Number of protein chains: 2
Amino acid sequence: MNREKDDRRVKYTKMVLKESFIKLLSHKDISHITIKEICEDADINRATFYAHYTDQYDLMRKIENELFQNVSVYLEGYTHNEANLDRVEMVEKIFEYLKQNAQLCRLFLGERGDIDFQKRIMTLIYEKNIDELMNAQGVSKETAEYIYAFTVTGCLGAIQKWLDDGMKKSPRFMSEMLVKLAGGLPKVFVK
Amino acid sequence: MNREKDDRRVKYTKMVLKESFIKLLSHKDISHITIKEICEDADINRATFYAHYTDQYDLMRKIENELFQNVSVYLEGYTHNEANLDRVEMVEKIFEYLKQNAQLCRLFLGERGDIDFQKRIMTLIYEKNIDELMNAQGVSKETAEYIYAFTVTGCLGAIQKWLDDGMKKSPRFMSEMLVKLAGGLPKVFVK
DNA sequence: AATTATATTAAACACTATGTTGACTATCTT
DNA sequence: AAGATAGTCAACATAGTGTTTAATATAATT
């Protein structure tokens with residue numbers, strides 16, 4: 001009982017198509033990348049492309065979903081563990097992961113990336129904190145949602161600046177700063 | 001000595017092309033809008049389109065630049081005036097402007113909008129505040145820049161949520177909240 | 001190792017959009 | 001009213017799209 005995906009030919013095809021697409025994506029905008037172009041670079045027949053994806057955007061979405069899965073799994077490893085990491089260490093791990101996957105992260109989290117994907121990632125990271133914000137005294141549910149939106153996109157902006165600056169500041173620096181900013185916000189607001 | 005733009009024919013052509021483009025843009029993504037489609041809707045010959053714009057993205061960029069100019073002029077009216085508005089009233093004016101230009105703002109500031117444009121707008125609005133942040137004691141220039149990036153994109157996220165929610169909360173509510181959040185951040189950080 | 005199953009290929013197909021051209025017409029400015 | 005400029009129209013070559021066919025290559029199965 002084999003999954004279709006297990007076929008080595010399929011794996012190879014998808015792999016080179018993704019590689020070529022990412023290569024092209026780092027040179028120009030997705031709207032100017034043609035399917036023909038991807039296939040020629042990957043040396044894959046165009047008909048084969050259509051056997052797996054509908055268009056460039058479909059391919060992009062599927063690459064993003066994989067990255068999202070990887071990040072999720074990576075984070076699970078630290079949230080579920082008993083090795084008591086405090087919040088700063090937790091977030092530091094995230095920045096280390098971003099640094100290790102710099103090329104992909106630059107493309108998808110960067111200025112030109114997909115906004116939906118970015119929000120999904122940030123929500124994943126921040127969702128642990130929303131509850132305590134909701135329960136804070138003196139803050140209505142609606143207000144809390146706005147603080148939440150502010151914080152999620154704010155973190156994203158800081159990460160994008162970090163990526164654009166060539167990730168010079170250490171993961172530790174970024175972590176301490178963001179934890180201070182994001183964590184401090186609700187209190188500042190209530191106060 | 002006439003500028004080309006003064007020609008009524010040119011004005012008309014550009015006007016209907018923009019109208020049709022915006023109409024199409026509110027129905028589907030820019031990547032799926034063809035030049036042929038725009039011209040047919042506007043009842044303008046395709047050759048004429050190419051006389052003014054290179055492609056959809058060029059047209060989009062030019063519409064954005066005009067919107068940016070309008071917002072700038074609008075803001076100047078309040079920052080340069082002597083009618084002493086405090087900061088909350090200032091920001092409230094911005095939200096009133098957004099509300100008046102809901103259709104365009106939704107398209108360009110919303111989730112699917114252009115990120116460059118969004119940052120330009122937010123920087124325009126927030127640049128007055130950066131100096132005092134820079135001069136705050138105990139904050140390095142680099143850290144201040146990250147706080148700035150955090151704040152600008154954070155405000156953007158809150159505005160997008162507001163637009164997505166149908167602009168139900170009053171401009172006053174949004175203004176008071178954002179001033180509290182953005183203004184409070186540097187202090188919280190230092191503290 | 002031989003057989004079966006399936007993924008990929010190559011070529012052709014009709015279709016649509018692109019970007020440019022040149023001759024003609026309508027409208028502007030002075 | 002005259003000259004300049006913008007827009008129209010039709011045609012054109014080019015390029016990408018998405019699908020289909022039979023042939024081929026590779027994987028999985030026994």
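What's counted below: heavy atoms across the whole structure, side chains too, no hydrogens, waters or symmetry copies. Quick note on labels: first sequence line is chain A, next is B, and so on, each numbered from 1. Owing to the predicted nature of the structure, the values given are computational and were not obtained by experimental measurement.
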Assess whether a salt bridge exists between Lys180(A) and Glu176(A), defined as any Lys/Arg side-chain N lying under 4.0 Å from an Asp/Glu carboxylate O.
no

Under a 4.0 Å threshold between the charged nitrogen and the carboxylate oxygen, would Glu89(B) count as salt-bridged to Lys93(B)?
no

May I ask you to evaluate whether His52(B) reaches the phosphate of dA6(D), defined as a side-chain N or O under 4.0 Å from OP1 or OP2?
no

Asp43(B) has an atom CG; how far is it from atom P of dG7(D), in whole Å?
13 Å

Atom pair CG/CG of Leu67(A) and Leu109(A) - distance to nearest 0.5 Å:
7.0 Å

Sequence neighbours left out, what passes ring-ring contact (aromatic ring centres under 6.0 Å, His included) with Tyr53(A)? Give chain and number order.
Phe49(A)

Could you list, one pair per line, each protein nitrogen or oxygen that sits under 3.5 Å from a nitrogen or oxygen of nucleotides 20-27 of chain D, together with the distance?
residue	atom	partner	partner atom	Å
dT26(D)	O2	Arg9(A)	NH1	2.8

Regarding Lys161(B) and the six-membered ring of Tyr146(A), is the cationic atom NZ or CZ under 6.0 Å from the ring centre and inside 45° of its axis?
yes

Is Thr13(A) close enough to dA7(C) that one of its side-chain N or O atoms is under 4.0 Å from OP1 or OP2 there?
no

Does the pair Glu66(B)/Lys14(B) count as a salt bridge with the N-to-O cut at 4.0 Å?
no

Please give, in whole Å, the distance from dT9(C) P to Leu17(A) CG?
9 Å

Indicate whether OP1 or OP2 belonging to dT9(C) is found under 4.0 Å from a side-chain N or O atom of Thr48(A).
yes

Protein within reach of the bases, or only the backbone? For nucleotides 12-18 of chain C, mark each nucleotide 5' to 3' as B, S or -, using heavy atoms under 4.0 Å.
-----SB

Look at atom NZ of Lys168(B) and say whether more than 12 heavy atoms of other residues, nucleotides or ligands are closer to it than 6.0 Å.
no

Within this structure, what is the CD1-to-P distance between Ile38(B) and dG19(C), rounded to whole angstrom?
11 Å

State whether Lys23(A) and Glu19(A) are salt-bridged, where the test is any N-O pair (Lys NZ or Arg NE/NH1/NH2 against Asp/Glu carboxylate O) under 4.0 Å.
no

Quick one: Phe49(A) CZ to dT19(D) P, roughly how many Å, whole number?
12 Å

